[in-house]
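To start, the structure itself, in C-alpha cells.
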Amino acid sequence: MNRNTPRDRASDHRTTDVLIVGAGPTGLMLGCLLRHHGIDCTVIEQRDSIDPRTRAVMVHAAGLEILDTLGLRTAVEDRGVRQTRIDFHTRHEARFTVDFTGLDTDFPYYLNVPQPDVEAVLADRFTAAGGRLLRGLRYTGHHEDEHGITARTLTATGPHTITARHLVGADGASSAVRTALDIAFPGNTYPMSYLLAEGAPLLPADPDASAMYIGPAGAVSLLPLPHGTVRIAGPVSAEALDRDSELSTQHFQDTVDTLGFGPALRFERVDRIAHYQVHERLAERFTHGRTVLAGDAAHLNSPAGGQAMNTGFGDAWALAWRLAALLNGSPDPLLADYDRERRAAAAEVARTTGVLTLLDAMRRATTHDARSSVQQALTGYAEAWSQLYLHYRPAPAPAPAVPAGGPPGHPALPPRADHRLQPGARVPGHRPEPGHHTWLHLPGHRPDENLLPPLTRTAELTPAQRTWLPAATTAVLVRPDGHVARTVPDGPRTTTGTTAAAGAGTEKEAA
C-alpha cells in the first residue's frame with residue numbers, strides 16, 4: 001500500500017493520463033482496470049488510510065467476474081463469506097427465498113466481504129501494477145481547457161496541482177467533484193432511520209444465506225460476516241433519529257426485539273453500532289467535458305440487494321475501456337454513451353432495490369396462494385441483483401422518479417429465460433478480454449474479417465447463449481465490456497442493430 005508522506009507526495013511529478021478522485025471501491029477498481037489496459041493513472045484520497053468501518057458488504061457475480069479478470073477474486077473471497085440465498089422471514093413463519101445458484105456464471109453466489117478488505121486488496125494491486133495512490137490529498141477544484149485538466153489539491157504542505165487528460169469523480173455521496181461541476185443530485189431520502197450493529201450473534205447464522213426478518217412495522221437484514229460475526233441492519237421502525245444522536249446497544253436491541261424474532265436477532269457481543277439515513281439519488285448527468293462521475297458520486301440507492309459496491313464496479317468496468325479507447329485516439333462519443341447507459345443502469349438498480357412494497361406483501365401473505373404469489377414476484381431478483389443480465393437500451397436514461405418503497409404493485413422482474421442478445425444486452429457467461437471485441441457465433445459461421453474491428457477475438461456461442469439469440473441471428477459482435485454491439489442475421493455480409501460506441505472508432509460499417 002502507498003505510504004508516502006505528505007512531503008514525499010509534494011515532490012511527485014504530477015502529470016497523469018487519468019486522475020481519479022476517491023480511493024473507495026469504485027475509484028480503486030477503475031484504477032486497477034486502467035492499469036490492466038496500460039493507462040497511466042493516479043488516484044488521490046483525502047484520508048490518510050482506509051476507513052476501517054464496514055459499509056458496503058455484498059459482492060455479486062458480475063463483480064466477482066471483474067475481480068477474476070484482474071486475478072483478485074480469490075484474494076477477496078479469502079476475506080469474505082460465500083452465500084447462495086437470501087431468505088425472507090415473517091412473523092407468521094413464512095419464508096421466501098431468492099436463490100443465486102442457477103445463474104449463468106462460474107460464480108453462482110455472492111460474497112459478504114467488508115468494504116475495507118475489498119479496498120485493501122484493490123489498493124495493493126493498483127500500486128503493484130504501477131498506479132500512483134496518493135493519500136492525504138484533498139481535491140479542491142479543477143480547470144479544463146482543450147489540452148486537458150488541471151486539478152487543484154491541498155495537502156499538509158500546502159496547495160498543489162495535478163494535470164491529467166481525464167478526471168473521474170469517485171469521491172462518494174458528498175462528491176466535491178460533482179459539486180464543483182454544479183451537477184444536481186435529485187432524489188429521495190427515506191423518512192425513517194436505519195439502525196446497524198455488528199458483532200457476535202447469540203445464535204449461529206446460516207452459513208449459506210443472508211436473511212431479512214420482517215416484523216409488523218419494520219425489517220432488518222442479517223448478514224453473516226467473516227470470523228462468525230454478523231451485521232444486523234435495517235428500517236426497524238418509523239422512528240427518525242437525530243443525525244448527531246448516539247445509539248446505545250440497549251436501544252438497538254430493544255427496538256429490534258419489537259420485530260418479534262427473539263434470540264435470532266440478538267447479540268452476544270456488539271463491536272459496532274450506528275444509525276444512518278438511506279437516499280435514492282441520481283446525478284442529472286454523469287459527464288461534463290473530460291470529467292466523469294462514478295459510484296456513489298453519481299448514484300445512491302437503497303441497501304436492499306447489496307447493490308452499491310456492485311454498481312460502482314459496473315461503472316468502472318463500463319468506463320475503463322472507453323477511457324482507454326479515447327486515450328488511444330478514438331473519435332467516438334464514448335463518454336456520452338457512458339452517461340446514457342450507466343444513468344439508465346443506476347435507475348434500474350433503484351427499481352430493483354425499492355422493496356418496501358414487496359416486504360409489505362410478505363407481511364400480509366398468510367395464505368398458501370398469497371405466499372405463492374409473493375414467491376413468484378421474487379422471480380428475476382437473483383438475476384437483477386447479480387447484474388449479469390444487464391441490458392443497455394438505446395433510449396434516453398429515465399428520470400430518477402422511483403419513490404421510496406418502489407413503484408405501485410412492484411411488478412415482477414423478467415426471468416433470465418426472457419433475456420435476448422439484442423444490441424446493448426450483456427452476454428452472460430462471456431469473459432471478454434480487456435480492450436478487445438469478440439465475435440460470438442454459431443458453429444460454422446465464420447466472420448468476414450473486413451467487417452470486424454481490428455484484433456477482434458472469435459469464439460462459439462455456448463449452448464445457454466444460443467437460447468438467447470434473437471430469431472434468425474447467427475452471431476453477435478460483443479464490445480470489450482461484454483455487451484452486444486451488433487447482431488448478425490442469417491445472411492452474408494450483413495449486420496443489424498447497433499449501439500453507440502459499437503466499434504470504439506475502429507469498426508468498419510457492414511456492406
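Counted by atom type alone, T438 and E433 present zero donor-acceptor pairs between their side chains at under 3.5 Å. Side-chain contact of D99 with T97: a donor-acceptor pair under 3.5 Å is absent, judged by distance alone. Donor-acceptor pairing under 3.5 Å is lacking for the side chains of E198 and T229. Judged by distance alone, the side chains of Y109 and E77 do bring a donor and an acceptor atom under 3.5 Å apart. Side-chain contact annotation: R132 with T16, donor-acceptor N/O pair under 3.5 Å present. Side-chain contact of D208 with T84: a donor-acceptor pair under 3.5 Å is absent, judged by distance alone. Side-chain contact, T90 with Y213: no donor N or O sits under 3.5 Å from an acceptor N or O. In the model, R35 has no side-chain atom that pairs as donor or acceptor with a side-chain atom of H37 under 3.5 Å. Of the N and O atoms on the side chains of H279 and T189, at least one donor lies less than 3.5 Å from an acceptor on the other residue. N301 and T311 form no side-chain donor-acceptor contact under 3.5 Å, judged by distance and modelled atom types alone. Defined by atom type and a distance below 3.5 Å, a donor-acceptor pair is missing between the side-chain atoms of R343 and Y338. Between the side chains of E280 and T353, no donor-acceptor pair is found at a separation under 3.5 Å. For the residue pair Y389 / D104, a side-chain donor-acceptor distance below 3.5 Å is found, with atom types taken as modelled.
Inter-residue side-chain proximity for V478 and H430 is flagged as met; some heavy-atom pair is nearer than 4.5 Å. The side-chain heavy atoms of R82 and N112, taken from C-beta on, include no pair separated by under 4.5 Å. Residues W321 and P432 are not in side-chain contact: their nearest non-hydrogen atoms beyond the backbone lie 4.5 Å or more apart. You'll find the side chain of L72 reaches within 4.5 Å of the side chain of L122, heavy atoms only. Side-chain contact between L111 and Q83 is absent, with no heavy atoms from C-beta onward closer than 4.5 Å. In this structure, the side chains of V18 and D40 stay at 4.5 Å or more apart for every pair of heavy atoms. In this structure, S386 and T105 have side chains that are not in contact, with every pair of non-hydrogen atoms separated by 4.5 Å or more. Looking at L378 and M362, their side chains come closer than 4.5 Å, going by heavy atoms from C-beta outward.
Contact check on E119 versus R55 returns a salt bridge, with a Lys/Arg side-chain nitrogen under 4.0 Å from an Asp/Glu carboxylate oxygen. Residues D315 and R342 are paired through a salt bridge, judged by an N-O separation under 4.0 Å between the basic side chain and the carboxylate. Comment: D418 does not engage R416 in a salt bridge, judged by the lack of any side-chain N to carboxylate O separation of less than 4.0 angstrom. The existence of a salt bridge linking R371 and E93 is excluded, since no basic side-chain nitrogen approaches an acidic carboxylate oxygen closer than 4.0 Å. Ion pairing between D87 and R95 holds under the 4.0 Å rule for side-chain N and carboxylate O.
Here the straight-line distance linking atom NE2 of H166 with atom CD1 of I39 works out to 9.5 Å at 0.5 Å rounding. Distance check, rounded to the nearest 0.5 Å: OG1 of T291 to CZ of R178 gives 14.0 Å. Atom CG in L390 sits 9.0 Å away from atom CZ in R393 (nearest 0.5 Å). The structure places CG of L282 at 11.5 Å from CG of N188, a figure rounded to the nearest 0.5 Å. One finds the OG1 atom of T42 at 10.5 Å from the CG atom of L34 (value rounded to the nearest 0.5 Å). The OG1 atom of T153 sits 11.5 Å away from atom CD of Q46, with the distance rounded to the nearest 0.5 Å.
Between the side chain of E284 and the backbone N or O of I183 there is no donor-acceptor pair closer than 3.5 Å. Between the Q253 side chain and the Q250 main chain, no donor and acceptor come within less than 3.5 Å of each other. No donor-acceptor pair under 3.5 Å is formed between the side chain of S210 and the backbone N or O of I86. No donor-acceptor distance shorter than 3.5 angstrom exists from the side chain of W317 to the backbone of L30, with no hydrogens or angles considered. At least one donor-acceptor pair under 3.5 Å links the side chain of Q465 to the backbone N or O of P428. Between the R322 side chain and the A318 main chain, a donor and an acceptor come within less than 3.5 Å of each other. A distance-only check finds a donor-acceptor pair linking the side chain of N310 to the backbone of G306 [under 3.5 Å]. Side chain of H419 to main chain of H391: no donor-acceptor pair is present (N/O by atom type, distance under 3.5 Å, no hydrogens or angles). Checked by atom type and distance alone, the side chain of D68 never pairs as donor or acceptor with a backbone atom of R73 at under 3.5 Å. Judged purely by atom type and a 3.5 angstrom limit, Q307 uses its side chain to pair as donor or acceptor with the backbone of G305.
A61 and L388 get closest at one heavy-atom pair: CB-CD1, 3.8 Å. Closest non-hydrogen pair, R79 versus A120, comes out as NH1-CB, 4.0 Å. Taking both residues in full, the closest heavy atoms of H92 and A365 are given as CE1-O, 3.0 Å, listed atom of the first, atom of the second, then distance. V113 and V76 get closest at one heavy-atom pair: CG2-O, 3.9 Å. When all heavy atoms of G169 and A297 are compared, the closest pair comes out as O-CB, 3.5 Å. In terms of heavy atoms, G199 sits closest to F267 at N-CE2, 3.4 Å.
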Would L202 and L265 count as a side chain to side chain contact (heavy atoms under 4.5 Å, CB included) if you check the C-alpha gap in whole Å, the side-chain angles of each, and the deciding distance to 0.1 Å? CA-CA 8 Å; L202 184 63; L265 296 177; over 6 Å; no
Could you please spell out the steps behind the side chain to side chain contact (heavy atoms under 4.5 Å, CB included) verdict for T140 and R138? CA-CA 6 Å; T140 60; R138 181 166 64 88; 3.9 Å; yes
Derivation of the ring-ring contact (aromatic ring centres under 6.0 Å, His included) call for H483 and Y392: CA-CA 8 Å; H483 288 258; Y392 296 137; 4.2 Å; yes
One pair to check against side chain to side chain contact (heavy atoms under 4.5 Å, CB included): Q387 and V349. What are the steps and the verdict? CA-CA 9 Å; Q387 302 201 11; V349 167; 4.1 Å; yes
List the steps and the verdict of ring-ring contact (aromatic ring centres under 6.0 Å, His included) for F100 and H60. CA-CA 10 Å; F100 293 80; H60 283 285; 5.6 Å; yes
In sequence, state the C-alpha distance, the side-chain angles, and the governing distance for L28 and V118, and then conclude on side chain to side chain contact (heavy atoms under 4.5 Å, CB included). CA-CA 10 Å; L28 290 169; V118 177; over 6 Å; no
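Every residue was checked against the ring pair (Phe, Tyr, Trp, His ring centres under 6.0 Å) condition with F185, not counting sequence neighbours, and none meets it.
Sorted by first and then second residue, the salt bridge (charged side-chain N to carboxylate O under 4.0 Å, His left out) pairs involving residues 245-260 (not counting sequence neighbours) are D257-R266.
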